[in-house]
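Below is one structure, written out as structure tokens; comments come after it.
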Number of protein chains: 2
Amino acid sequence: MNDELNDLLEKHGLKKTGPRVKVLSVLKLRDTAASQPELEEIIGKEIDRVTLYRVLTAFEEKGIIHKVLDMNGTAKYAVCDSSCTDKQHKDEHVHFNCTLCLNVYCMDTLHIPQLVIPAGFTSQVVNMMVYGICDKCNLKLKG
Amino acid sequence: MNDELNDLLEKHGLKKTGPRVKVLSVLKLRDTAASQPELEEIIGKEIDRVTLYRVLTAFEEKGIIHKVLDMNGTAKYAVCDSSCTDKQHKDEHVHFNCTLCLNVYCMDTLHIPQLVIPAGFTSQVVNMMVYGICDKCNLKLKG
DNA sequence: TTATTTATGCAACAAAGTTGCATTTAATTA
DNA sequence: TAATTAAATGCAACTTTGTTGCATAAATAA
Ligand SMILES: [Mn+2]
Ligand SMILES: [Mn+2]
Ligand SMILES: [Zn+2]
Ligand SMILES: [Zn+2]
């Protein structure tokens, strides 16, 4: 797996540093998006807070991860589709924010419906967030 | 107009105080959503920062205004449809966030398309934000 | 191996939002 | 109208998320 991470960094022209490999490996293993504070808690003081922010920013700029804002306005990050580059993100999928566990899921199979917006306005990116109860929380409730 | 504002506060069971009338009148006159920091700048030190937050929270809970997060995760508020109550917000319209002037517009005529979400997940509220160039900024660019 | 470029760590700062508590004000009651 | 009561306000202190400047360290290139 470490090879895979190194390749991904190299492919996007980023130096293979300890913090970058670590952050990328954590994000790759998750099925929900992670914020800087969450990553800080997972990784511990091994990586500086500021470095974490800068790693995330670098990854986003290169198209390795994409940013989603949760219901509190906190930035959360998830790994991108492999077709993303520094020129263009192709993550036009719906996101789901669980109101119980607060996790943010990438609904990779749900693409965002087309919209006809009013004359005069120009659309660049569209963002769709569904708030509700996720599958795991529903199981806990009903089970 | 002041009568209208007083009626609105009374209708939702809120005391008619100076700060509340002032904030509501400012929000009513705008065509874009306003954040606490923006309102603070508009209104000045006449109203305390914390009071502003509490007025906005009270308005939101009663269904007088609704909250939208802009591209930076900052909460912005706009007046609700008159059918909103403390039981239920009926603001299921699309929002537009201009990437130049950063204003957030309520697209009252654009309702959010229906989505079929995966089994196991339960949807409560759906949020749709279009990022792009607003009509005013487009005019400045082309004009 | 040395030079060069880039990333990291630390300290300090900033913006947005929250909490506790004493004081004031609006609405209610007498 | 005046006293009462419940709620709202103002102020100070705090928290969380995110940024910036700068010296040091590490990765890649020569
Ligand atoms: Mn995603
Ligand atoms: Mn709206
Ligand atoms: Zn959940
Ligand atoms: Zn604009």
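Scope of the values below: all heavy atoms of this structure, side chains included, with no hydrogens, waters or symmetry mates. Reminder, nothing fancy here: chain letters follow the sequence lines and each chain counts from 1. If you're wondering where the values come from, they're calculated on a predicted model, not measured in any experiment.
Taking atom CG on B:D70 and atom P on D:dG18, their separation rounds to 13 Å, with Å as the unit. For B:M71 and C:dA15, the CE to P distance is 19 Å, given to the nearest whole Å. Taking atom CD of residue B:E40 and atom P of nucleotide D:dG10, one finds them 12 Å apart after rounding to whole Å. For the pair A:L69 CG and D:dT17 C1', the computed distance is 12 Å after rounding to whole Å. Rounded to whole Å, the distance from CD on A:E38 to C1' on D:dT17 is 12 Å. At whole-Å resolution of the value, CG in B:L52 and P in C:dG17 are 11 Å apart. Atom pair B:K76:NZ and C:dG17:P shows a separation of 11 Å (rounding to whole Å applied). Between the P atom of D:dT17 and the OH atom of A:Y77 lies a distance of 13 Å, rounded to the nearest Å.
DNA chain C is contacted by both B:P37 and A:D48; A:D48 maps to the nucleotide lying nearer its 5′ end (nearest heavy atom per residue). A residue-by-residue look at A:E46 and B:T57 shows that A:E46 has its nearest nucleotide of DNA chain C further toward the 5' end.
You'll find the side chain of A:K22 stays beyond 4.5 Å of the side chain of A:T17, heavy atoms only. In this structure, the side chains of A:V94 and A:Y105 stay at 4.5 Å or more apart for every pair of heavy atoms.
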Compile the donor-acceptor pairs under 3.5 Å between side chains in residues 60-81 of chain A and protein atoms, sequence neighbours left out, one pair per line.
residue : atom : partner : partner atom : Å
A:H66   : ND1  : A:A78   : O            : 3.2
A:H66   : NE2  : A:H93   : NE2          : 3.4
A:H66   : NE2  : A:H95   : NE2          : 3.4
A:D70   : OD1  : A:N72   : N            : 2.9
A:D70   : OD1  : A:G73   : N            : 3.1
A:D70   : OD1  : A:T74   : N            : 2.9
A:K76   : NZ   : A:E38   : OE2          : 3.2
A:K76   : NZ   : A:L102  : O            : 3.2
A:D81   : OD1  : A:S83   : N            : 2.8
A:D81   : OD1  : A:S83   : OG           : 2.7

Pairs under 3.5 angstrom only: tabulate donor-acceptor contacts from the side chains of residues 135-143 of chain B to other protein residues two or more places apart or in another chain.
residue : atom : partner : partner atom : Å
B:K136  : NZ   : B:D31   : OD2          : 2.9
B:N138  : ND2  : A:G120  : O            : 2.6
B:N138  : ND2  : A:T122  : OG1          : 2.7
B:N138  : ND2  : B:I133  : O            : 3.4

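Residue-level contact check: B:A58 touches neither bases nor backbone, having no heavy atom under 4.0 Å from any strand.
Within the structure, a side-chain polar atom (N or O) of B:R20 is placed less than 4.0 Å from OP1 or OP2 of D:dA8.
The backbone N or O of A:T57 sits nowhere less than 3.5 Å from a side-chain atom of A:R54 that would complete a donor-acceptor pair. The main-chain N or O of A:E40 is never found under 3.5 Å from a side-chain atom of A:R49 such that the two would form a donor-acceptor pair.
A donor and an acceptor atom never sit less than 3.5 Å apart when one is taken from the side chain of B:R54 and the other from the base of C:dG17. Taking 3.5 Å as the limit, the base of C:dG17 and the side chain of B:R49 contain a donor-acceptor pair of atoms between them.
Smallest separation of non-hydrogen atoms from B:G132 and A:Q124: CA-OE1, 3.4 Å.
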Annotated protein contacts, base or backbone, on nucleotides 23-30 of chain D with a non-hydrogen cut-off under 4.0 Å, one of B, S, - each: ----BS--
